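Bear in mind that the values here come from a model prediction, so they are computed numbers and not experimental data.
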Amino acid sequence: MPFKSNAARRHHIPAQRQKVINWAEYDAGLRARGSLTVWFTAEAIAGWRAEARVGRGGQPKYSALAIATALTLRAVFRLALRQTEGLIGSILALLGLELAVPDHSTLSRRAETLQVPRPRTGSRPVHLLVDSTGLRLCGPGEWLEEKHGSKRRRAWKMLHLATDADTGQIVASVLTERDADDGSQVGPLLDRVDGSVVSFIGDGAHDRDDVYAEVAARHPDADVIVPPRANAVPSTAAGTTPTQRDVHLRCIAERGRMGWQRASGYNWRALVEADVSRWKRVIGDRLRSQTNGRQATEMAIATNVLNRMLDLGRPKYIRIT
């Protein structure tokens, strides 16, 4: 929303105040954020080694669980592949487990084709919130840019996220090139959501006819809550058969932009912005992999990490099952 839409009455909005009264619990929660708990279940230990494959070719040594475990630790602690190999070895040694440690070459090779389970919403309806952000791929750092100036164009990709408004879980994600706009990825995001969608909430970049068409084609009864542009006009059939966009324009004309946000539920989109912030703070703002297959695996692993941390409520609480 434009900042100036509320400028005339902004001084009437009081500043938010938060008073902590349970200092003991609050202090204990802050300490718990730095704790690290890792354990392996009996099923994980038994399934660490890959099953024998029937057919020609060499036999895999490590199961998909072992590779996913190593890549998960890499994402949480932001490590390179060699450091990930060392971390896995030290954890297994501390736990007294006699399991083989995947080397960094194996991790890199297996990440290209690793199948990571996608998040599932089940049979319940979903209120979908979408947003996007950029992830750095390579290029000069901030210090080098400030001191010497950028000598080459920094490469980056776009990460598109879809969040369930009821749970805050990331239910779909798409990684694209930097020239892909938000509206063009609505279809791929909806295809990755296994449940029914009740409402679709996006920012002004989704105010396009093809976005409404993509949602209607997959979920005809879903509400599309997207703020129309400032110069938007009603359709020619607004008087007889108004579209969802026409209804939004009418509500804005009657209540104003801020009133429309409260009435339509658009303010729930702040949850997906919070997921983008969690991604940048926990996982980081860059991609560590170089190929498309490994980047897709890295994105899927990061999505599962953030969803698991949201369930458990602690940043570093890892259970290998």
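The pair Arg250-Asp246 does not meet the salt-bridge criterion, since no charged nitrogen lies less than 4.0 angstrom from a carboxylate oxygen. The pair Arg136-Asp285 counts as a salt bridge, with a side-chain nitrogen and a carboxylate oxygen less than 4.0 angstrom apart. Contact check on Arg245 versus Asp207 returns a salt bridge, with a Lys/Arg side-chain nitrogen under 4.0 Å from an Asp/Glu carboxylate oxygen.
Hydrophobic clustering places Leu73 together with Leu99 (ILVMFWY residues linked when any side-chain heavy atoms are closer than 4.5 Å, directly or through intermediates). Following chains of ILVMFWY side-chain contacts shorter than 4.5 Å, one can reach Val76 starting from Val101, so the two form part of one hydrophobic cluster. When the side chains of ILVMFWY residues are joined at heavy-atom separations under 4.5 Å, either directly or via intervening members, Val247 and Val224 end up in two distinct hydrophobic clusters. Under the 4.5 Å side-chain heavy-atom criterion for grouping Ile, Leu, Val, Met, Phe, Trp and Tyr, Val215 is connected to Leu128 within one hydrophobic cluster. Residues Leu129 and Val211 do not share a hydrophobic cluster, clusters being chains of Ile/Leu/Val/Met/Phe/Trp/Tyr side chains in contact below 4.5 Å.
Using a 4.5 Å cut-off on side-chain heavy atoms (C-beta onward), Thr133 and Trp279 make no contact. Residues Lys280 and Leu159 have side chains not in contact (no heavy-atom distance under 4.5 Å, counting atoms from C-beta outward). In this structure the side chain of Arg78 reaches within 4.5 angstrom of the side chain of Arg288, judged on heavy atoms. In this structure, Tyr212 and Thr243 have side chains that are not in contact, with every pair of non-hydrogen atoms separated by 4.5 Å or more. For the pair Glu298/Leu175, no side-chain contact is recorded, criterion being any heavy-atom separation below 4.5 Å from C-beta on. Looking at heavy atoms from C-beta onward, Trp156 lies in side-chain contact with Arg178 at the 4.5 angstrom threshold. Between Val186 and Phe200, some side-chain heavy-atom pair lies under the 4.5 Å cut-off. Under the 4.5 Å side-chain criterion, counting only non-hydrogen atoms from C-beta, Thr72 is in contact with Ile301.
Minimum heavy-atom separation, Thr297 to Ala111: OG1-O, 2.6 Å. The minimum heavy-atom distance linking Pro188 with Ser184 is given by the pair CD-O, 3.8 Å. Among all heavy-atom pairs drawn from Ala205 and Asp182, the shortest one is CB-OD2, 4.0 Å. Across every non-hydrogen atom of His248 and Val226, the tightest pair is CD2-O, 3.9 Å. In this structure, Arg124 and Asp164 approach most closely via the heavy-atom pair NH2-OD2, 2.5 Å. Ser289 approaches Leu137 most closely through the heavy-atom pair O-CD1, 3.5 Å.
Within the 3.5 Å criterion, the main-chain N or O of Leu87 finds a donor-acceptor partner in the side chain of Ser90. Checked by atom type and distance alone, the side chain of Arg118 never pairs as donor or acceptor with a backbone atom of Ala172 at under 3.5 Å. Side chain of Arg110 to backbone of Tyr62: a donor-acceptor contact under 3.5 angstrom is found.
Atom CG of Asn307 and atom OG1 of Thr167 lie 7.5 Å apart (nearest 0.5 Å). The CD atom of Glu85 sits 8.5 Å away from atom OG1 of Thr106, with the distance rounded to the nearest 0.5 Å. Going from atom CG of Asp103 over to atom CZ of Arg109 covers 8.0 Å, rounded to the nearest 0.5 Å. Distance check: Ile225 CD1 to Asp203 CG gives 13.5 Å after rounding to the nearest 0.5 Å. We find the CZ-CG distance between Arg74 and Leu81 to be 4.0 Å, quoted to the nearest 0.5 Å. To the nearest 0.5 Å, atoms CG (Asn267) and CE (Met258) are separated by 7.0 Å.
Pro102 pairs with exactly one of Leu71, Thr84, Leu107 by the side-chain contact (heavy atoms from CB on, under 4.5 Å) rule, that one being Leu107.
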Would you please test Glu177 and Met158 for side chain to side chain contact (heavy atoms under 4.5 Å, CB included) and show each step?
CA-CA 6 Å; Glu177 299 296 334; Met158 292 297 298; over 6 Å; no
Between Arg218 and Glu214, does the salt bridge (Lys or Arg N to Asp or Glu O under 4.0 Å) criterion hold? Intermediate values first, please.
CA-CA 7 Å; Arg218 294 165 175 80; Glu214 292 283 358; 2.3 Å; yes
Side chain to side chain contact (heavy atoms under 4.5 Å, CB included) between Ile201 and His127, intermediate numbers included:
CA-CA 8 Å; Ile201 304 179; His127 296 273; 5.8 Å; no
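A donor atom on one side chain and an acceptor atom on the other are not found under 3.5 Å apart for Thr176 and Gln185.
Within a 6.0 Å radius of CG in Asp166, more than 12 heavy atoms belonging to other residues, nucleotides or ligands are found.
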